[in-house]
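Note sheet for the following structure.
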Amino acid sequence: MAKVLSGAGLRGQVAGKTALSTVGKSGSGLTYRGYDVKDLAENCQFEEVAYLILKGKLPNQSELDEYKALLKSMRGLPVALKDVLERIPADAHPMDVLRTGCSMLGNLEGEASFDEQGKVTDRMLACFPSIICYWYRFSHDGVRVDVETDDDSIGAHFLHLLRGEKPSELHERVMHVSLILYAEHEFNASTFTARVCASTLSDMHSCVTGAIGSLRGPLHGGANEAAMEMIERFESAEHAEQEMMGMLERKEKIMGFGHAIYSESDPRNEIIKTWSEKLAADVGDSVLYPVSVRCEEVMWREKKLFCNADFFHASAYNFMGIPTKLFTPIFVMSRLTGWAAHVMEQRADNRIIRPSAEYTGEELRPVPAIAER
Ligand SMILES: CC(=O)SCCNC(=O)CCNC(=O)[C@H](O)C(C)(C)COP(=O)(O)OP(=O)(O)OC[C@H]1O[C@@H](n2cnc3c(N)ncnc32)[C@H](O)[C@@H]1OP(=O)(O)O
Ligand SMILES: O=C([O-])CC(=O)C(=O)O
């Protein structure tokens, strides 16, 4: 059953066209340029999907090899950017670090004309993991990491920088899947932010910086961190059920559940849930995964609310030893592809986005003299 879409938050209103993805077309389901996300997550590496989203077709083997080599060659950070990152305190939120990092990159390597939109996007795709990990390792461990690794993929590059050693095959595969699942999602809040910015004919770094700010909030990308903070408080599935019932009674919002468009399920959930289960077995977990499953059962039983893409990402990332505050930055490393492709699409057929407001303020009135206010 399709969700009834109307009301506040521009829900249900068509705000533009896209050829990039469909979301919940038949009540559930997600496609990128006509391919089912499930098919992509089973059969592709993230770089293939980034290529698909940004360039319009799946690459053949030599195109993929060339694209990965290009991204690999762009991982380094300019000294001036490293200097800025070193000044950001350890207690900053990594999303703020990334927002600053993206903005600073725009100062150092700005997009001189729209002809450079592909090049600056590839550069961001290649160096966002470097920005996050350079700051994280410097501020937390006092180490200046060499960000120019020879890892085969963006996900492996990220995990390698974070931990100082190459990841296992299992972890690299999970990163591919996770980055594929997060890559693109039509007119969600952060993508719409990017498109509004693009519609003023602004530059790519400004569009992406704004989008990072929108993704940060707990009602959007920040939900994976908020979900982790919740589930780690629960000692067992029974404890989780008790606590969840209390939260529901108090009408608290439970992060990682519900969706603005999907009505019955988020197709990304069953995929990341399967990987979370595999990772739980890999680390011998007997708490966090059963807790997460119980949360899912309680929410469906009590409210008919289902897990969105963020919920089982929390346990999956945790099982890989990723610090909670880096969860949403990983989302950025991926969604950058969607944002940039939407910016390109907006530019190709642009009219400034400028809706109208229904006025609810005072009637026209004279300005009283200052002594009379
Ligand atoms: C990758 C992503 O960005 S996915 C989204 C990540 N965000 C979250 O997980 C945050 C938690 N979820 C939410 O806040 C919401 O479900 C959103 C923001 C995702 C969607 O918001 P909306 O489209 O306004 O939700 P919707 O219209 O379906 O809400 C229907 C009712 O369910 C309630 N509801 C929806 N989600 C939740 C939730 N997670 N916990 C408790 N109640 C909820 C709403 O409060 C609303 O109740 P009301 O009618 O009494 O006001
Ligand atoms: O589409 C939305 O509103 C939020 C979402 O799931 C995403 O951006 O991946």
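In listed order, ligands and their atoms are each counted from 1. Numbering starts at 1 and runs along the sequence shown.
- Residue Gly258 comes nearest to Leu305 through the heavy atom pair CA-CD2, 3.9 Å, listed as atom of the first residue, atom of the second, then distance.
- By the 30° and 60° cut-offs, the orientation of the rings of Tyr289 relative to Phe312 is tilted.
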Legend entry - Verdict with supporting geometry, Gln45 and Ile154, side chain to side chain contact (heavy atoms under 4.5 Å, CB included): CA-CA 10 Å; Gln45 300 185 350; Ile154 289 170; over 6 Å; no
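- Ring geometry for His342 versus Phe187: interplanar angle over 60°, hence perpendicular rather than tilted (30 to 60°).
- At a heavy-atom distance under 4.0 Å, only side-chain atoms of Leu305, from C-beta outward, approach ligand 1.
- Lys325 pairs by the salt bridge (Lys or Arg N to Asp or Glu O under 4.0 Å) definition with nothing, not counting sequence neighbours.
- Nearest protein heavy-atom neighbour of atom 25 (O) of ligand 1: Lys3 NZ, 4.4 Å.
- Contacts of His220 with ligand 2, taken as heavy-atom pairs under 4.0 Å, involve the side chain alone.
- Nearest protein neighbour of atom 5 (C) of ligand 2, counting heavy atoms only, is His185 ND1, 3.3 Å.
- Geometrically, ligand 1 and Met299 share no nitrogen or oxygen pair separated by less than 3.5 Å.
- When side chains are defined from C-beta on, Trp300 does not count as touching Cys307, because their heavy atoms never get closer than 4.5 Å.
- Which parts of ligand 1 touch Met255 is read off a 4.0 Å heavy-atom cut-off, strictly below it: atoms 9 (O), 10 (C), 11 (C).
- Residue His220 has at least one heavy-atom neighbour below 4.0 Å for each of these atoms of ligand 1: 2 (C), 3 (O), 6 (C), 7 (N).
- The ligand atoms of ligand 1 that sit less than 4.0 angstrom from a heavy atom of Glu252 are 41 (C).
- The proximity of Asn308 to ligand 1, defined as any non-hydrogen pair under 4.0 Å, is limited to the side chain.
- For ligand 1, the atoms closer than 4.0 angstrom to any heavy atom of Phe331 are 1 (C).
- In this structure, atom 37 (C) of ligand 1 is in close contact with the protein, since a protein heavy atom lies within 4.0 Å of it.
- Among the atoms of Tyr182, none of the N or O lies under 3.5 angstrom from an N or O of ligand 1.
- In this structure, the side chain of Asp349 does not engage the main chain of Glu345 through any donor-acceptor pair within 3.5 Å.
- Partner Phe331 forms a ring-ring contact (aromatic ring centres under 6.0 Å, His included) with one of Phe128, Trp339, Tyr182 and no other, that one being Tyr182.
- Not a single heavy atom of Lys303 sits less than 4.0 Å from an atom of ligand 1.
- Which of Leu215, Asp266, Asn188, Asn308 comes nearest to atom 2 (C) of ligand 2 through a heavy atom is settled by distance: it is Asn188.
- Counting only heavy atoms, the protein never gets under 4.0 Å from atom 32 (O) of ligand 1.
- Counting atoms of ligand 2 from 1 in the listed order, those under 4.0 Å from a heavy atom of Arg268 are 5 (C), 6 (O), 7 (C), 9 (O).
- Those atoms of ligand 1 that come under 4.0 Å of a heavy atom in Ala260, given as number and element, are 20 (C), 23 (O).
- With hydrogens left out, the protein atom closest to atom 11 (C) of ligand 1 is Phe257 O, 3.3 Å, a heavy atom.
- Taking a 4.0 Å cut-off on heavy atoms, His185 fails to register as neighbouring ligand 1.
- The residues Glu252 and Arg250 are annotated as salt-bridged, a charged nitrogen and a carboxylate oxygen being separated by less than 4.0 angstrom.
- Under the side-chain contact (heavy atoms from CB on, under 4.5 Å) criterion, Arg173 pairs with His176, Val177, Trp275, not counting sequence neighbours.
- Interface atoms of ligand 1 facing Ala223, defined by a heavy-atom separation under 4.0 Å, are 6 (C), 7 (N), 8 (C), 9 (O).
- In Lys72, the NZ atom is crowded: over 12 heavy atoms of neighbouring residues, nucleotides or ligands sit closer than 6.0 Å.
- Within a 4.0 Å radius of atom 5 (C) of ligand 1, the protein has at least one heavy atom.
- Contacts between Asp266 and ligand 1 below 4.0 angstrom, taking non-hydrogen atoms only, are absent altogether.
- At the shortest separation from atom 24 (O) of ligand 1 among protein heavy atoms lies Arg11 NH2, 3.5 Å.
- For ligand 1, the atoms sitting less than 4.0 Å from at least one non-hydrogen atom of Gly256 are 8 (C), 9 (O), numbered in the order shown with element in parentheses.
- Taking 4.0 Å as the cut-off, Pro218 counts as a neighbour of ligand 1 on heavy-atom distance.
- Scanning the protein for heavy atoms near atom 7 (N) of ligand 1, the closest one is Leu219 O, 2.8 Å.
- Residue His259 places a heavy atom less than 4.0 Å from ligand 2.
- Ring geometry for Tyr317 against His313 counts as tilted: the plane angle lies between 30° and 60°, on a 0 to 90° scale.
- Between Glu238 and Arg294, at least one side-chain N (NZ, or NE/NH1/NH2) sits under 4.0 Å from a carboxylate O, which counts as a salt bridge.
- Taking each of Glu184, Glu186, Arg335 in turn, the one with a heavy atom nearest to atom 9 (O) of ligand 2 proves to be Arg335.
- The aromatic rings of His140 and Trp135 sit perpendicular, their planes meeting at an angle over 60°, well past the 30° parallel limit.
- Checking atom 50 (O) of ligand 1 against the protein gives no heavy-atom contact under 4.0 Å.
- Under the 3.5 Å distance criterion, the side-chain polar atoms of Glu184 are matched with a main-chain donor or acceptor of Glu186.
- Remark: side-chain polar atoms of Glu63 are paired, donor with acceptor, to backbone N or O of Asn60 under 3.5 angstrom.
- In this structure, His259 and Tyr262 have tilted ring planes: the angle between them lies in the 30° to 60° band.
- The protein heavy atom nearest to atom 40 (N) of ligand 1 is Ile254 N, 2.9 Å.
- Distances from ligand 1 to the non-hydrogen atoms of Ala309 include no value under 4.0 Å.
- Between Lys55 and Glu66, none of the side-chain N atoms (NZ, or NE/NH1/NH2) sits under 4.0 Å from a carboxylate O, so this pair counts as no salt bridge.
- Closer than 4.0 Å to atom 43 (C) of ligand 1 lies at least one heavy atom of the protein.
- Under a cut-off of 6.0 angstrom, the local environment of NZ in Lys17 is sparse, with at most 12 non-hydrogen atoms contributed by other residues, nucleotides or ligands.
- Nearest to atom 45 (O) of ligand 1 by heavy atom, out of Met247, Lys253, Met244, is Lys253.
- Taking a distance limit of 4.0 Å, we find that atom 2 (C) of ligand 1 is approached by some protein heavy atom.
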